[in-house]
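Taking it in order: structure first as structure tokens, then the write-up.
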Amino acid sequence: MTMDQVLAEAWRGQTTLPSLELGGDMSSGEFANNSGQICEELPCSTAWAISYGAGGQRKPTETSPQSAFDRVFAGGPPPMPGSVATPEPSSTANEELARLRTYRKSILDHVNARTKALQARLGKSDRLKLDGYLSAIRELEQRIEGLPTAGGGGVRGPGCQGASPQGELGAYESYPARLEALLDVTALALACDATRVVTFMLAEAESEYTFGVPGVSAGDGHHGTSHHGGESAKLARVAEIDRWYVEKVAYLAAKLNSFGEGTSSVLGNTVLLHTAEMGDGDMHSYFDMPVVLVGGQNGLLPSSRHVRAEGRPIADLYLSLFNSLGVPKTSFGNGTAALTLDA
Amino acid sequence: MRIDRNLSLLLVIGQCLACTGSVDEDKASDPGKGPGSGTGSEPAVAGVVGACEDTGDPGFVGMRRLTRSELNHTLQDLLGDSTNPADVLPNEDSLLAAQSAVSALAFEKLEAVVSAAVEAAWQRDLANPQISSAKLRRCDPLTEGAACAERIVTEFVRQAVRRPVTPAELAPFLALVQLATTQGDTLDVGVKLAVKAALLDPEFVFRVEPDTDAAKVRSLSAHELAARLSFWLWETTPDATLSQLADSGKLSDSAVVQEQLIRMVSDPRAERFADGLGVHWLGVSSLQVAQPNAALYPDFNEELRSAMAAETTSFFRAFFAENLPVPAIVNADFTFLNST
């Protein structure tokens, strides 16, 4: 289970979605799956997803802004306190919603029972596949339970007020536009408290996006360039690409900062962790991984410092984040001692 | 058209399909261990032939879910839905990916797809004055009552799970019809609930040949054979003809299997097999997301993207239709161009 899912499990039930898994460029996904490995219960392509739930089940990366938006606001756009009067829901509308919910849950209960009955007739590997089906059914049941009734409950964090989530997502045919639309959905989901955990893959591990955007001219693909072999031209291009992606993180941070929440902002109550899966992509080295923490200025994180953590696993950082976020753990993966951030 | 030799290859495979299937879990985890093991019946055509001649064991076919393409075709056949509703599911079209578990995200979307598709099918049938040609609403539960509701659900569940169901298995589906009426809704609402449940059923979503004894080789049932044939050549659920032959037991006769193969290969739907080979074996669907270097390939555009995919599918359609030798895949002296 990855660190985001530890938090999602700890906070399950407090929001309509336990977590969101979003991502921009998944261009090599098909190749990754055609690499000759059989996808059994465990994921066969870690290049394609960064979030894994209980039992190592891969959480697929959602790349469509519209589809992500629809999931976040499945109960309809949130009412806008202060700006538009929330219509008083009629009791018939509430009864109707309750009945539809009963139906959906009854169907899922039925499918759950059928799946368990089928499991009893199967060999081991097929039984495990149906375990995944059962947990998908369970997750949807919990989601339906958390959906708002008309006019009650639902997504409506204080920051949501200025977020105008019923606005258009805009056109996003191009990858950069799609990436920004997905970051907009991320900001809305957090501001409206639809979820408290979002993982965002800016690009997948073997992205061959060729750019042609302000700041990075059209040229070789990202993954190919990252195997720079020390060539200065390639290193310069890698730097341009990295800058372009960091700008996306800044875009998200600015957006979160623009939504007020209590006496702070959504960013002030959020920890934004930006990292890469390697320290040196050319060598496939995971030493000296670059990590940036943004936000959390409302008492979650100390600010404006550079922490050297030589020889410490990144899981030690996750332990300190678990502490900051009120989900303390004594160990996680190869992490055994929380990293001190405010020294 | 020189279809004879091509057909004879399919006939040999057909006979093999009719013999036995085994469930061998060791092979499932090791794709390199035996011909036809692990990767579904479709990509293992040569392996199935070889295995039959050598050992009589066509190899393990692990449980896998329907691909998006198979779901689209099946929803078209069962509901008359020609909108490719499954396209919104996560893009995991390869047969290898289809052997992984269903994620929570995919299931959530599947539930929405199924729900919308059933509602739309019911509306379509309502608008159609010919009730005899209706896919789903084959009678009117509102005027004909519970017997009609039961008939629709019974027939639909049987189609969805691709085998006959016992009254005991059917009872929980009919209980969903009851649920709607106890909630004060009309019978048609209940029928749609049961139909939606059938389309989320594990025996619909997955292709499964149940077996608990890993050591034993067992015969395929006639219904399992019908499903293998249909998904292999047509990427869809067995049609009425195949289902009836399986119900009557006639599909155990290899002469009947041969007849069916000839019928199926002669049908335009067999082009899906040729198209699927490009998708599943050569990964042609990767073209949909490829991002060629604009500096090196400034002329690349969306038209070229689809033309490149069409070139490959056109080739494989010709490869099968003209019964070309296997080396033609690498050394054919022809290809396909569009006219513009």
Side-chain angles (χ1 to χ4, degrees), chain A residues 21 25-31 33-34 36-41 43-44 53 57-60 62-64 67 71 99 102-104 106-108 110-111 113-115 118 120-126 128-133 135-137 139-140 143 175 208-210 212 217-221, chain B residues 23 25 28-29 31 38-39 62-65 88 90-94 96-109 111 115 169 172-173 175-176 179-180 183-185 189 193 196-197 200-203 205-206 208 210-214 283 285-286 288-295:
Chain A
E21 292 75 34
D25 176 26
M26 296 289 129
S27 57
S28 80
E30 279 291 302
F31 292 110
N33 266 307
N34 282 338
Q37 269 180 294
I38 307 278
C39 285
E40 283 290 343
E41 299 72 44
C44 65
Q57 185 164 4
R58 180 164 62 98
K59 314 279 283 185
E62 172 74 80
T63 57
S64 155
S67 163
R71 289 189 80 219
R99 195 161 66 244
T102 305
Y103 289 158
R104 288 178 78 189
S106 301
I107 289 175
L108 294 180
H110 164 92
V111 177
R114 290 268 309 163
T115 306
L118 176 61
R121 296 159 52 207
L122 299 178
K124 188 172 160 237
S125 69
D126 286 349
L128 284 170
K129 260 173 232 174
L130 284 186
D131 277 344
Y133 203 58
S135 72
I137 294 167
E139 199 141 311
L140 183 56
R143 178 128 168 72
Y175 165 55
E208 285 298 0
Y209 182 52
T210 52
S217 56
D220 288 341
Chain B
V23 174
E25 293 181 353
S29 58
T39 51
M63 189 177 85
R64 69 163 176 83
R65 62 193 139 91
V88 301
N91 180 15
E92 298 177 322
D93 265 357
S94 78
L96 295 176
Q99 301 199 25
S100 64
V102 173
S103 68
L105 175 66
F107 184 74
E108 186 179 321
K109 291 188 174 191
E111 192 228 16
S115 186
E169 286 180 296
F173 287 95
L176 288 170
L179 171 71
Q183 291 274 327
D185 268 319
V189 174
L193 291 183
K196 289 173 189 175
L200 294 173
D201 197 88
E203 288 190 66
V205 175
F206 293 90
V208 53
D211 201 332
T212 46
D213 191 344
S285 56
S286 303
Q288 300 310 321
V289 291
Q291 300 167 343
N293 184 335

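By convention in this document, chain letters (A, B, ...) are assigned in the order of the sequence lines, proteins followed by strands, and residues within each chain are numbered from 1.
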Which answer fits [X], side chain, backbone, both or neither, if we ask what part of it has an atom under 4.5 Å from a heavy atom of chain B?
X: A/L108; result: side chain
X: A/A120; result: backbone
X: A/T115; result: both

Just verifying a value: how many Å separate [X] [atom1] and [Y] [atom2], rounded to the nearest 0.5 Å?
X: B/E203; Y: A/R114; atom1: CD; atom2: CZ; answer: 5.0 Å
X: B/L200; Y: A/I137; atom1: CG; atom2: CD1; answer: 8.0 Å
X: B/D185; Y: A/R99; atom1: CG; atom2: CZ; answer: 4.5 Å

- prompt: Looking at B/A175, B/S115, B/A180, which one has more heavy-atom pairs under 4.5 Å with chain A than the rest?
  reply: B/A180
statement: Looking only at A/G212, A/G53, A/S106, the option with the highest number of non-hydrogen pairs under 4.5 Å against chain B is A/S106
Which atoms form the tightest heavy-atom contact between [X] and [Y], and what is the distance?
X: A/A136; Y: B/A104; answer: CB-CA, 3.8 Å
X: A/A218; Y: B/A295; answer: O-CB, 3.9 Å
X: A/I107; Y: B/L176; answer: N-CD2, 4.3 Å
X: B/P202; Y: A/V111; answer: CD-CG1, 4.2 Å

query: Tell me, side chain or backbone of B/V189 under 4.5 Å from chain A's heavy atoms, or both, or neither?
result: side chain
message: Any non-hydrogen side-chain atom of B/V205 less than 4.5 Å from a side-chain atom of A/Y133?
response: yes
